[in-house]
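All chains are named by letter (A, B, ...) in the order of the sequence lines, taking the proteins before the strands, and each is independently numbered beginning at 1.
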Number of protein chains: 2
Amino acid sequence: MNFEQLGHIIRERRNELSYSQEVLSDKSDVAIKTIHSIELGKANPSLKTLDKVLGVLGLELIVVSKKD
Amino acid sequence: MNFEQLGHIIRERRNELSYSQEVLSDKSDVAIKTIHSIELGKANPSLKTLDKVLGVLGLELIVVSKKD
DNA sequence: TTTTAATAAGTATTATATTGCCGAATCATT
DNA sequence: AATGATTCGGCAATATAATACTTATTAAAA
């Protein structure tokens with residue numbers, strides 16, 4: 001789970017819901033600037049920020065054993 | 001996945017490996033203060049910090065659909 | 001009890017995430 | 001082409017995560 005992958009997942013889900021970044025920003029109470037940085041993989045968000053964004057998208061983080 | 005649950009998962013896995021917080025700190029290159037704050041659910045870590053800690057423990061974050 | 005290892009927590013400093021404001025770039029629609 | 005909506009990105013200010021240092025607490029072992 002690197003930052004680029006995470007950004008793609010968020011962007012794809014956002015597009016599925018037909019939300020603009022601005023709408024997602026409003027719903028999640030996270031700045032649009034932060035959202036597009038996350039989507040581009042250029043951010044290192046805190047868990048709280050990431051949870052707010054994922055929550056609006058019906059997604060969540062879980063911890064699993066790493067398979068290598 | 002709230003902060004308390006995350007802390008418990010990390011602590012349990014750390015104990016399974018018989019790592020002290022100090023050893024986990026050294027291996028992950030994350031300050032011991034940060035680690036015990038995370039374990040107590042009193043931290044809001046960045047993804048990068050959390051990934052470093054989880055990586056040493058053989059764990060990783062993934063995004064899944066929220067079941068409600 | 002005394003000693004030692006481990007964990008918890010306060011304070012201060014540094015690093016960086018988050019934000020707002022702004023303009024530029026991209027893309028679709030007319 | 002022109003208009004409008006959306007996304008990208010720079011810059012500065014603010015909020016806060018991460019760290020080092022120190023002391024206290026807890027727990028276990030001698």
Selection from D:dT19, C:dT7, D:dT7 that lies nearest to any side-chain heavy atom of B:Lys33: D:dT19

Among C:dT7, C:dG20, D:dA20, the one nearest any side-chain atom of B:Ile32 is C:dT7

Taking for B:Lys42 and for A:Asn44 the nucleotide of DNA chain C with the nearest heavy atom, the one nearer the 5' end belongs to B:Lys42

N-O pairing of A:Glu60 and B:Lys66 below 4.0 Å: no

Spacing between [X] atom [atom1] and [N] atom [atom2], to the nearest angstrom:
{"X": "A:Glu22", "N": "D:dG4", "atom1": "CD", "atom2": "C1'", "answer": "13 Å"}
{"X": "A:Asp29", "N": "D:dA15", "atom1": "CG", "atom2": "C1'", "answer": "14 Å"}
{"X": "B:Asp26", "N": "C:dA5", "atom1": "CG", "atom2": "C1'", "answer": "15 Å"}
{"X": "B:Ile38", "N": "D:dT16", "atom1": "CD1", "atom2": "C1'", "answer": "14 Å"}
{"X": "B:Asp51", "N": "C:dA17", "atom1": "CG", "atom2": "P", "answer": "13 Å"}
{"X": "A:Leu40", "N": "C:dA25", "atom1": "CG", "atom2": "P", "answer": "17 Å"}

Kindly state whether the pair A:His36 / D:dC8 counts as stacked, where counting means centroids closer than 5.5 Å and planes tilted less than 30° apart. yes

So does A:Lys48 reach the base of D:dT16 with its side chain, donor to acceptor, closer than 3.5 Å? no

NA contact type, [X], heavy-atom cut-off 4.0 Å: base, sugar-phosphate, or nothing?
{"X": "A:Thr49", "result": "sugar-phosphate"}
{"X": "A:Asn15", "result": "nothing"}
{"X": "B:Ser20", "result": "sugar-phosphate"}

The helix from C:dT1-D:dA30 to C:dT30-D:dA1: angle between end helix axes, five pairs per end, rounded to 10 degrees: 50°

Short question: side chain of A:Ser65, backbone of B:Leu59 - any donor-acceptor pair under 3.5 Å? no

Verdict with reasoning, A:Phe3 to B:Lys48, per side-chain contact (heavy atoms from CB on, under 4.5 Å): CA-CA 9 Å; A:Phe3 290 175; B:Lys48 203 174 296 182; 4.2 Å; yes

Presence of [X] side-chain N/O under 4.0 Å of [N] phosphate oxygens OP1/OP2:
{"X": "A:Arg14", "N": "D:dT6", "result": "no"}
{"X": "A:Arg11", "N": "D:dT6", "result": "no"}
{"X": "B:Ser46", "N": "D:dA18", "result": "yes"}
{"X": "B:Gln21", "N": "C:dA5", "result": "no"}

A quick test of your reading: do over 12 heavy atoms of other residues, nucleotides or ligands sit less than 6.0 Å from [atom1] of [X]?
{"X": "A:Lys27", "atom1": "NZ", "result": "no"}
{"X": "A:Glu22", "atom1": "CD", "result": "no"}
{"X": "A:Gln5", "atom1": "CD", "result": "yes"}

Give a yes or no on whether B:Tyr19 and B:Ile38 share a hydrophobic cluster (residues Ile, Leu, Val, Met, Phe, Trp, Tyr; joining criterion: side-chain heavy atoms under 4.5 Å apart). yes

For a quick test of reading the model, state the closest non-hydrogen atom pair linking A:Arg14 to A:Leu57 and the distance between them. CA-CD2, 3.9 Å

